[in-house]
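The structure appears right after this line, and notes come after that.
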Protein chains: 2
Amino acid sequence: MKKEKVDRRSMRAENSIKKVLEAAKALFIQHGFKDTTISMIAKHADVGYGTAYTHFPKGKDEIFLTIIEEVIADFYVVANTEYTVNSKEEAFTFIHRNITRLIELSVQHKKMLAVFYESIGISAATKEMWQDISDRFIQRIAQNVVQAMEKNIAHRNDFDEEIVAGVLFYTVENNLWKIILDQTVTPQGVIAHNITEVYTNGLYK
Amino acid sequence: MKKEKVDRRSMRAENSIKKVLEAAKALFIQHGFKDTTISMIAKHADVGYGTAYTHFPKGKDEIFLTIIEEVIADFYVVANTEYTVNSKEEAFTFIHRNITRLIELSVQHKKMLAVFYESIGISAATKEMWQDISDRFIQRIAQNVVQAMEKNIAHRNDFDEEIVAGVLFYTVENNLWKIILDQTVTPQGVIAHNITEVYTNGLYK
DNA sequence: AATGAAATTGACATCATATCAAGTTCTGAA
DNA sequence: TTCAGAACTTGATATGATGTCAATTTCATT
């Protein structure tokens, strides 16, 4: 019951797409986002210049987005993890585990994420993608801030959940970028532990 | 004892520089960083295309940096403010005041800061400038984390001061950008208060 | 008045993007 | 089997931005 593609035309197309993506991935990692051009990609992929535009009409942005999407998917999984905690201690454990998970993901995809970081400033499409992820993370964290207030285990019951969620998210985010860009020598465990400690003490009583 | 510039040549040059900067400022605010070109600036400034490069050899980056420098100077003042606190309550008051100050500065220079934000992703020079400011802020805050530990008013005495400082800095930073980019409806007082509360509860006992 | 330094200028070389008309390959209907 | 036309490929080209430079003008000094 296989539905194999014996269609030689679409096989040819698939092959072109694959070659473009593979060449692009190597070049992005080697030269970064800005300094990788469509003609470089086409040349390395051994396809005509126009071919890149045939399959990726929006050009470099679209090629890069296609490549980065699978990396980002991993982060979405974390961002979408539902969770419930009943005490400060439980929260500490949970948050610490999630930060550790994010650090691991960042290290794992370090090279492409460094390019992603560069691209956020340059490509509107990428910027939007990161904005979406950020919002999702913040909304997820905010839900737990609300839970904490409802369960009366937060310092106050009138916290603005989004601002409080931002404390955790933005701190983690920026530390992840530092790890990705090799801009820190602080051990990852120290980073995870300190952030978790300050945040849980800050929110929970 | 005036040392007036009666030198007509340098007056002419000064005038060209002034015209370029004024035109650039208006165009940057109107069109943003990326969509403002040197030829637009030269045309609006009513000088030749090459004149812009005569006075600003590094082009758009240098023109923008010159314009934004005075805005940034205000932030440096805050980043360099020495302070000492002896209790959690004092810390709360101090931090809350500083955040409020930063919010006020951001609102005051909103339009140029929005362009600045865009430029950070595009211009290496601008990115470096913001990196410097960030580092300075973090070092300043870190000093106070160390103080808190020395005075034994922190939850722990083995916090990593830079990571903890980052909790405050990155949170404030990102909320300022949201205000500057009109991406939040949360009242500024609520923002300042929530951040201060979570951070001081997080660090001080 | 003559000299040359300072300042101005726009043409030009360079480079990247995006489009497109022309050519080639392949499928499916007649 | 044939062949019309869809799918795919291709590089030339238009567009637009940057940075450089040789020619020119303005001006201070001798």
Side-chain angles (χ1 to χ4, degrees), chain A residues 3-24 27-28 30-66 115 118-119 121-126, chain B residues 3-24 27-28 30-66 115 118-119 121-126:
Chain A
K3 203 183 169 189
E4 275 297 83
K5 275 275 172 63
V6 272
D7 186 331
R8 298 179 70 184
R9 235 179 350 201
S10 53
M11 274 181 65
R12 188 164 49 124
E14 289 300 318
N15 191 246
S16 289
I17 291 172
K18 194 181 153 203
K19 284 196 290 180
V20 166
L21 290 176
E22 277 172 7
L27 290 169
F28 278 135
Q30 193 177 355
H31 302 284
F33 186 79
K34 198 178 177 182
D35 294 343
T36 298
T37 66
I38 301 286
S39 60
M40 282 166 72
I41 294 172
K43 201 155 289 174
H44 258 74
D46 200 29
V47 301
Y49 181 80
T51 306
Y53 279 96
T54 301
H55 299 294
F56 303 96
K58 288 180 197 152
K60 208 162 78 170
D61 274 28
E62 193 173 354
I63 294 174
F64 184 69
L65 236 64
T66 306
V115 184
E118 186 201 352
S119 80
I122 299 169
S123 148
T126 313
Chain B
K3 201 183 169 188
E4 275 297 82
K5 276 274 173 63
V6 272
D7 186 330
R8 298 178 66 183
R9 236 180 349 205
S10 53
M11 274 182 64
R12 188 164 50 125
E14 288 301 317
N15 190 247
S16 289
I17 291 173
K18 193 180 152 203
K19 284 197 290 182
V20 166
L21 290 176
E22 277 172 6
L27 289 169
F28 279 134
Q30 193 177 356
H31 302 284
F33 185 78
K34 199 178 176 183
D35 293 343
T36 298
T37 66
I38 301 286
S39 60
M40 282 167 73
I41 294 172
K43 201 156 287 174
H44 257 74
D46 200 30
V47 300
Y49 181 80
T51 305
Y53 278 96
T54 301
H55 298 295
F56 303 96
K58 287 179 198 153
K60 207 163 78 169
D61 274 28
E62 193 173 354
I63 294 173
F64 184 69
L65 236 63
T66 306
V115 183
E118 186 201 352
S119 79
I122 299 170
S123 148
T126 314

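Each chain gets a letter, A, B and so on, in the order its sequence line appears, and its residues count up from 1. All values below were derived from every heavy atom in this structure, side-chain atoms included, with hydrogens, water molecules and symmetry-related copies excluded.
Of the candidate nucleotides C:dT8, D:dT10, D:dT18, D:dT18 has the atom nearest to the side chain of B:Lys60. Residue A:Arg12 has its side chain nearest to D:dT9 when only D:dT9, D:dT20, C:dA6 are considered.
At least one side-chain nitrogen or oxygen of B:Tyr53 sits closer than 4.0 Å to the OP1 or OP2 atom of D:dG19. Side-chain N/O atoms of B:Thr54 include none lying less than 4.0 angstrom from OP1 or OP2 on C:dA7. Contact annotation: A:Thr37 does not reach the phosphate of C:dC15 (side-chain N/O to OP1 or OP2, under 4.0 Å). Under 4.0 angstrom from either OP1 or OP2 of D:dT9 there lies at least one side-chain N or O belonging to A:Ser16. Residue A:His55 places no side-chain N or O under 4.0 Å from the OP1 or OP2 atom of D:dA7.
For C:dA5, the base has a donor-acceptor partner in the side chain of B:Arg9 [N/O atoms by modelled type, under 3.5 angstrom]. Contact annotation: side chain of B:Tyr49 to base of D:dA17, donor-acceptor pair absent below 3.5 Å.
The aromatic rings of B:Phe28 and B:Phe64 sit perpendicular to each other, their planes meeting at more than 60°, with 30° as the lower class boundary.
Atom CD1 of B:Ile17 is separated from atom C1' of C:dT8 by 13 Å (rounded to the nearest Å). As a whole-Å value, the separation of A:Asp35 CG from C:dT17 P is 11 Å. What separates NZ of B:Lys34 from P of D:dG16 is a distance of 15 Å, to the nearest Å. When the P atom of C:dT25 is taken as reference, atom CG of A:Asn15 falls 15 Å away, rounded to whole Å. Across the protein-nucleic acid pair, A:Lys43 atom NZ and C:dC15 atom P stand 12 Å apart, rounded to whole Å. Separating the CE atom of A:Met11 from the P atom of D:dA7 is a distance of 18 Å, rounded to the nearest angstrom. Between A:Phe56 atom CZ and D:dT9 atom P there is a gap of 11 Å when expressed in whole angstrom units. Spacing between atom CD of B:Glu14 and atom P of C:dA6 amounts to 15 Å, rounded to whole angstrom units.
We find the NE2-NZ distance between A:His55 and A:Lys19 to be 10.0 Å, quoted to the nearest 0.5 Å. Note that OG1 of A:Thr51 and CZ of A:Arg12 are 9.5 Å apart. Values are rounded to the nearest 0.5 Å. Here B:Thr126 contributes atom OG1 and B:Lys60 contributes atom NZ; the two are 10.0 Å apart, rounded to the nearest 0.5 Å.
With contacts defined as side-chain heavy-atom distances shorter than 4.5 Å, the pair A:Phe56/A:Ile38 does not qualify.
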